[in-house]
Amino acid sequence: MPFNPLKLAALLLATAGWLGAGGVTVTATDQKNEAVPELVVWLDPLGAPVPPADPAELAATVEQFNEEFDPYTIAVRLGTKVEFPNRDDVQHHVYSLSSPARFEIPLHGGDETEAVVMDQTGHVPVGCNIHDWMISHIIVVDTPWFGTTDESGRLALTDLPAGPYKLTAWHPRLRKTDEREINLVAGETLAVPVELRLRPDRRIRRAPTAGGSRY
Amino acid sequence: MSIRLHRCLPLLCGLLAGLTAGPAVAQSWSPEVDLGWVHNDNVTNSIRQQKDDSAATISASVQQVRVLSRDWQGSLKLGADTKLWREYSGLNLSHFSAQAGLRRKFGLGPYATKLDLSFEAFHQLADVSEWSGNGYRAAAALQKRFTPQWFGRLTADLKRLDAGRAVYSGTVATLAAAVDYDLTPQWRVSAEIRYGEGDQLSWCRESFPEFIGKGPQWTDGIFGGDWFPYESDGNHRGGHFRVVRALGDRSALSLGYDFNESRAPKNHTYRNHIVSLNFTHAF
Ligand SMILES: [Cu+2]
C-alpha cells in the first residue's frame, strides 16, 4: 500500500479529536418533576476560542404548518440563514419586533419560502400578523454546541473538546436563563440534571369562542 | 328607524365584489359548527304571566378570510342557523345569512388594535309565516388584546328585520363592551355589558288590564288562547357571563348566563334570564 501523508494526517487528527472529546447529556425537569421539552441549551467554552462556523451548516428552518410554527423553540448559530417556508395553503405574515432581528415577511402564500440571516445573538420571538396565536422563539448563539430537549426532556451533545464550559438553558416559561459551569473530561459523558421552575404557559389561546371569530 | 334592506344591497354587493376580485390570495374556506341548548325564563317577553321554554340551537358557517395588505383583511361568511323550541314551536326561527367584513389592524402583532366593520344580509324563516322576512345587520367592533390573557372589545350594531307583518318588523341598535380573560390556556371567562334601543316584540293577553276594552287583536297562536304579539319602542340593558373550556385547538364548550331588562314607555319592564350551553367546533 503506498504511503499517503494526507490519509495519515486525517487519521492522526481524528484520533486526537476522539482522545480529547467529551460529551454532555442534559435532563430537564420542572417543579412537578415532569420532563421539560423544547428547552434551548447551549455551551460556551470558558477560556478557549469558539471554533469558526462551517458556512454550509449555517442554515435552519422554521415552518408554518397547520397555522402553527414548527419548531416552537430553536437555537441557531450566529450568521445562520433561517428559512420560513409556508406549508399551509393559507397566507402567513411572519415578523419579529425583537432587537437582535427586526424583520417582516409580508403575506407569503403556500409553498413560498423567505429567509432571514440572524446576525446578532439573542432572543428572537417570531409571530404571524394574521394568526395571533402563532409564535416561535429563535435563540441566536455564538457557539457550535447547542440544541433543544426532546419530549423526555433530554439533549445529548457530543464531540466537544475537553475543558470548562458555561451551560445555559432558556425556555419561554423561565423567568431568566438557567446558567451553570461544567467541566468536560475527554472520553466521558457528563450527565447534567437541570431542575427548573417554570411559570404558567402564557401563550395566546387558539380555540374558538362561541359567537366569536377565529381571526 | 326604517333603513330598508334594498338600500344596503349595493354596499354588500360592492364589498363582495371587492373581496372576490382583489389581487390578494384567498385563504381557504373555514367551516365552523355550533350545537347548543338554551333556556329562557320569559320567552313571551312579558311583564306578567311569563312563560319559559328551552330550545336546541344549531348553526353552521363557512368563512373565507382574504388578506388584502399588511393592515387590511376582508372576509366573507355564509351561515345558517336554527332554533327549535321544545314547547312553543311557533317561536322556531331559522336564518340564512351572508356577511362581508373588513378588518383594519393598526400595527403589527397580537396587541395591535383591530377595527372590524361588517354587513350581514339575512333571510329569516319562521313557523308563523308572517314572522318570516329579510333583514340586515351592520356592525363595528374595536378589539384590543392587552396581554396574552386579557382581551377587550367594544361593539356597536344595528339590526333590522322586515317581516311579513309589521308587528314582527323592527330595528334595534346596541352598544356593548366585553372582556375575555384566559385563566389557563384551557379556561376562559367572558363578560359583557350592553345597552340597546329599538323595537321590542312581546306577547300579551287581551285579558291583561292594559288591553281590556281595546278590542280584538291579531293572534298568532304561538302561546294559544288570547295571547297576541305587540311591539313597543324602548331600551334594553343587559349582559352576559360565560365560562369557556377549550377542547384542543379547534373546539370549545361554553356555559353562559345572559341577563336582559327591557323598558318601554309607561315603565313596562320585562326581564329575561337566559342560560345556554354550546359546543363549537372550527374545522
Ligand atoms: Cu399565520
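Chain naming here is simple, since letters A, B, ... match the order of the sequence lines and numbering starts at 1 in each. Note that the structure is a prediction, hence the values are computed from the model and not measured.
- You'll find the side chain of A/Arg202 stays beyond 4.5 Å of the side chain of B/Thr147, heavy atoms only.
- Interatomic distance, CG of B/Asp71 versus NE2 of A/His93, reported as 8.0 Å (0.5 Å rounding).
- The environment of CD in A/Glu151 is sparse: at most 12 heavy-atom neighbours from other residues, nucleotides or ligands sit within 6.0 Å.
- Around CZ of A/Arg154, the count of heavy atoms belonging to other residues, nucleotides or ligands within 6.0 Å does not exceed 12.
- Of all heavy-atom pairs spanning A/Arg205 and B/Ala246, the tightest one is NH1-CB, 3.6 Å.
- In this structure, chain A has a heavy atom under 4.5 Å from the side chain of B/Arg145, while its backbone stays farther away.
- Side-chain contact between B/Asp249 and A/Glu67 is absent, with no heavy-atom pair separated by less than 4.5 Å.
- Nearest heavy atom pair, residue B/Lys114 against residue A/Asp132, reads NZ-OD2, 2.6 Å.
- The two atoms that bring B/Lys105 and A/Asn129 nearest to each other are NZ-O, 2.7 Å, heavy atoms only.
- Shown here is B/Ile193, whose CD1 atom has no more than 12 heavy atoms of other residues, nucleotides or ligands within 6.0 Å.
- Residue A/Leu97 touches chain B through its side chain alone, counting heavy-atom pairs closer than 4.5 Å.
- Counting heavy-atom pairs closer than 4.5 Å to chain A, the top residue among B/Gly109, B/Gly107, B/Pro185 is B/Gly109.
- Heavy atoms from other residues, nucleotides or ligands lying under 6.0 Å from CZ of A/Arg199 number more than 12.
- Listed here is the closest heavy atom pair of A/Gln91 and B/Val67: OE1-CB, 3.3 Å.
- Atom OH of B/Tyr257 has more than 12 neighbouring heavy atoms from other residues, nucleotides or ligands inside a 6.0 Å radius.
- The contact between B/Trp187 and chain A is made entirely by backbone atoms, counting heavy-atom distances below 4.5 Å.
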